[in-house]
2 protein chains.
Amino acid sequence: MVLPTYQAPVLMVDGVVLQLIDERLHVLLIQRANEPFRGMYALPGGYIVAGETTHFSLARILSQKADICVEKMAIIEQLYTFDTVARDPRGHAVSVTYMGLGYQLAFTGQPDAHNPRFVAVDELPELAYDHAEIIAYAHDRLKSKMNYTNVVFALLPKRFTLTQLQSAYEAILQRQLDKRNFRKKFLSLDTITPTNEYFRDGAHRPAQLYEFNVQRLANFAKDF
Amino acid sequence: MVLPTYQAPVLMVDGVVLQLIDERLHVLLIQRANEPFRGMYALPGGYIVAGETTHFSLARILSQKADICVEKMAIIEQLYTFDTVARDPRGHAVSVTYMGLGYQLAFTGQPDAHNPRFVAVDELPELAYDHAEIIAYAHDRLKSKMNYTNVVFALLPKRFTLTQLQSAYEAILQRQLDKRNFRKKFLSLDTITPTNEYFRDGAHRPAQLYEFNVQRLANFAKDF
DNA sequence: GCAAAAGTGTTCCAGATACACCCATGA
DNA sequence: TCATGGGTGTATCTGGAACACTTTTGC
């Protein structure tokens with residue numbers, strides 16, 4: 001292959017891995033081991049190697065730096081490519097960013113040098129680089145997708161109650177929804193099916209469990 | 001700056017420049033001067049140099065290879081980053097793609113070695129690389145944006161008739177719209193304002209001219 | 001006066017919103 | 001029996017879709 005003779009920007013990938021914990025949206029962060037921004041929290045990310053797709057590079061990096069397995073995520077989707085010259089103080093770095101969504105994502109091994117943890121998106125610490133902007137971008141994208149796709153399936157267990165479903169919507173859209181209208185509308189979308197199982201949890205009526213009809217991203221027939 | 005010691009993919013940018021010609025959507029193509037795909041039509045694109053944003057690189061490349069000035073376009077927006085390893089037969093090339101929209105975009109100088117021309121998107125020749133896929137992606141994005149933004153302003157002159165506006169929608173959405181409903185709905189969006197001028201054109205009633213309230217991308221208050 | 005495009009209203013239906021009480025359970 | 005969260009229906013309003021004729025002009 002012919003290499004360009006001039007100097008190219010460095011190509012990187014960063015991942016915004018989101019999940020719901022205690023009915024709040026959390027994002028995966030690592031603590032930077034080196035300068036710049038040493039000690040600060042940042043999105044997991046790293047260099048792309050020729051022959052690796054950006055998606056594959058991200059999987060490798062998430063596994064190495066954040067101890068998180070991409071296979072466990074239900075959706076990974078490319079977000080945007082951030083390329084401002086000043087975003088990395090070391091030099092021009094172009095970063096392809098991804099959003100990953102999952103349920104009960106857990107660290108597979110021992111505590112790691114990068115100290116990965118999930119942090120609530122409404123309580124973020126100061127972040128390295130332009131990573132706060134990238135997380136906001138991911139959150140916005142997710143908010144939009146909640147309105148016209150079944151993306152929420154990626155954040156819930158296989159079986160869930162309507163209350164859980166509504167709570168996921170409320171956590172991500174950051175506003176309260178009317179229970180009766182929510183149920184009526186969602187059931188009219190033909191996206192979920194009731195099972196014969198019930199979830200018992202404390203001194204109150206048990207909740208019926210539902211399943212998604214498809215476990216991959218699809219658009220609603222109509223808007224949500 | 002510390003360069004990575006491994007080999008990185010080549011970073012490129014490609015532009016999907018769209019405009020309406022004779023009420024049909026056209027895309028800017030150039031003819032490849034070199035292998036691979038020599039002689040075939042392709043999107044204008046090229047290498048990104050460190051210190052240039054992808055947006056700036058695109059402006060340079062469009063000017064050099066396609067004789068088109070980015071300043072004349074009303075909107076340029078990043079689309080997606082294509083990165084499959086096999087998309088370039090010479091080796092791994094990651095391409096950041098943009099969509100540019102304008103009105104009466106014209107070549108500034110003499111016919112060029114790259115033979116740039118605007119081709120109707122529904123009559124594309126066979127294209128180099130994955131460029132047909134990229135154009136389809138841009139068209140899809142544009143279709144969506146027509147429904148919830150004023151993006152159509154970028155494809156029309158400053159003053160336009162409602163018939164022109166509707167024709168732009170029909171060309172891009174690829175379906176017929178009802179004239180009365182279209183006008184009623186668009187006027188209710190508070191996005192355009194009538195002027196006192198009329199457009200006379202042949203043996204029929206003249207058409208009132210309208211202007212966009214804002215000449216930058218904005219979301220409709222409600223859906224279209 | 002005729003050909004051609006501009007312009008205009010009403011009816012009907014579906015989906016959105018607002019809103020309050022009974023049900024099933026465990027302690 | 002009581003505290004807790006699960007589950008349900010109606011009335012109203014708004015926006016979307018379907019649909020055909022009159023107006024203004026140039027020739």
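The structure presented is a predicted model; accordingly, all values stated were derived computationally and were not measured. Every chain is numbered from 1, with letters handed out A, B, ... down the list of sequences. Below, each value reflects all heavy atoms present in this structure, side chains not excepted, and no hydrogens, waters or symmetry copies.
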Figure out the CZ/P separation between Phe182(B) and dG7(C), and round it to whole Å. 13 Å
CZ of Phe199(B) versus P of dT25(D): gap in Å, rounded? 15 Å
Looking at Phe153(A), is Arg216(A) sitting on its ring face, NZ or CZ under 6.0 Å from the six-membered ring centre and within 45 degrees of the normal? no
Is the distance between the ring centroids of Tyr80(A) and Tyr137(A) less than 6.0 Å? yes
Separation of dA18(C) atom P from Leu177(A) atom CG, nearest Å, is 11 Å
Separation of atom CG in Leu209(A) from atom C1' in dG7(D), rounded to whole Å: 14 Å
Side chain of Lys184(A) only, please: which of dG9(D), dG5(D), dC19(D) is the nearest? dG9(D)
Value in whole Å for how far the P atom of dG5(D) lies from CD of Gln166(A): 14 Å
Taking the side chain of Arg180(B) as its heavy atoms from C-beta onward, which of dA20(D), dC19(C), dT25(D) lies nearest to it? dA20(D)
Rounding to a whole Å, what distance do you find between Gln164(A):CD and dG7(D):C1'? 16 Å
Taking CG from Leu189(B) and C1' from dG16(D), how many angstroms apart are they, rounded to a whole number? 13 Å
Donor + acceptor pair across side chains of Asn213(B), Thr193(B) (<3.5 Å): yes
Rounded to whole Å, please give me the gap between CZ in Phe186(A) and P in dT8(D). 16 Å
State whether Thr163(B) places a side-chain N or O below 4.0 Å from either non-bridging phosphate oxygen (OP1 or OP2) of dA6(C). yes
From dT23(D), dT25(D), dG7(D), pick the nucleotide closest to the side chain of Pro206(B)? dT25(D)
From dT10(D), dT25(D), dG7(D), pick the nucleotide closest to the side chain of Arg200(B)? dT25(D)
Within 45 degrees of the axis of the six-membered ring of Tyr129(A) and under 6.0 Å from its centre: does Arg32(A) put its NZ or CZ there? no
Both Arg205(A) and Gln208(B) contact DNA chain C. Which one's nearest nucleotide lies toward the 5' end? Gln208(B)
Over all atoms of both residues, closest heavy-atom pair of Asp14(A) and Leu43(A): OD1-O, 4.1 Å
For the side chain of His204(A), counting heavy atoms from C-beta on, which of dA24(C), dA6(C), dA18(C) is nearest? dA24(C)
Base of dA18(D), side chain of Asn181(B) - is there a donor-acceptor contact under 3.5 Å? yes
Checking all strands, does Ser188(A) fall into the base, sugar-phosphate, or nothing category for heavy-atom contacts under 4.0 angstrom? nothing
Which one, dA17(D), dG7(C), dA18(C), comes nearest to the side chain of Arg183(B)? dG7(C)
Evaluate the criterion side chain to side chain contact (heavy atoms under 4.5 Å, CB included) for residue pair Leu18(B) and Leu28(B); output intermediate values, then yes/no. CA-CA 7 Å; Leu18(B) 300 168; Leu28(B) 175 61; over 6 Å; no
Minimum-distance nucleotide to Ala203(A) side chain [options: dA6(C), dT25(C), dG7(C)]: dT25(C)
Looking for any heavy atom pair under 4.0 Å, which part of the strands does Asp178(A) touch: base, sugar-phosphate only, or nothing? base
What about Lys179(B): does its side chain form a donor-acceptor pair under 3.5 Å with the base of dG7(C)? yes
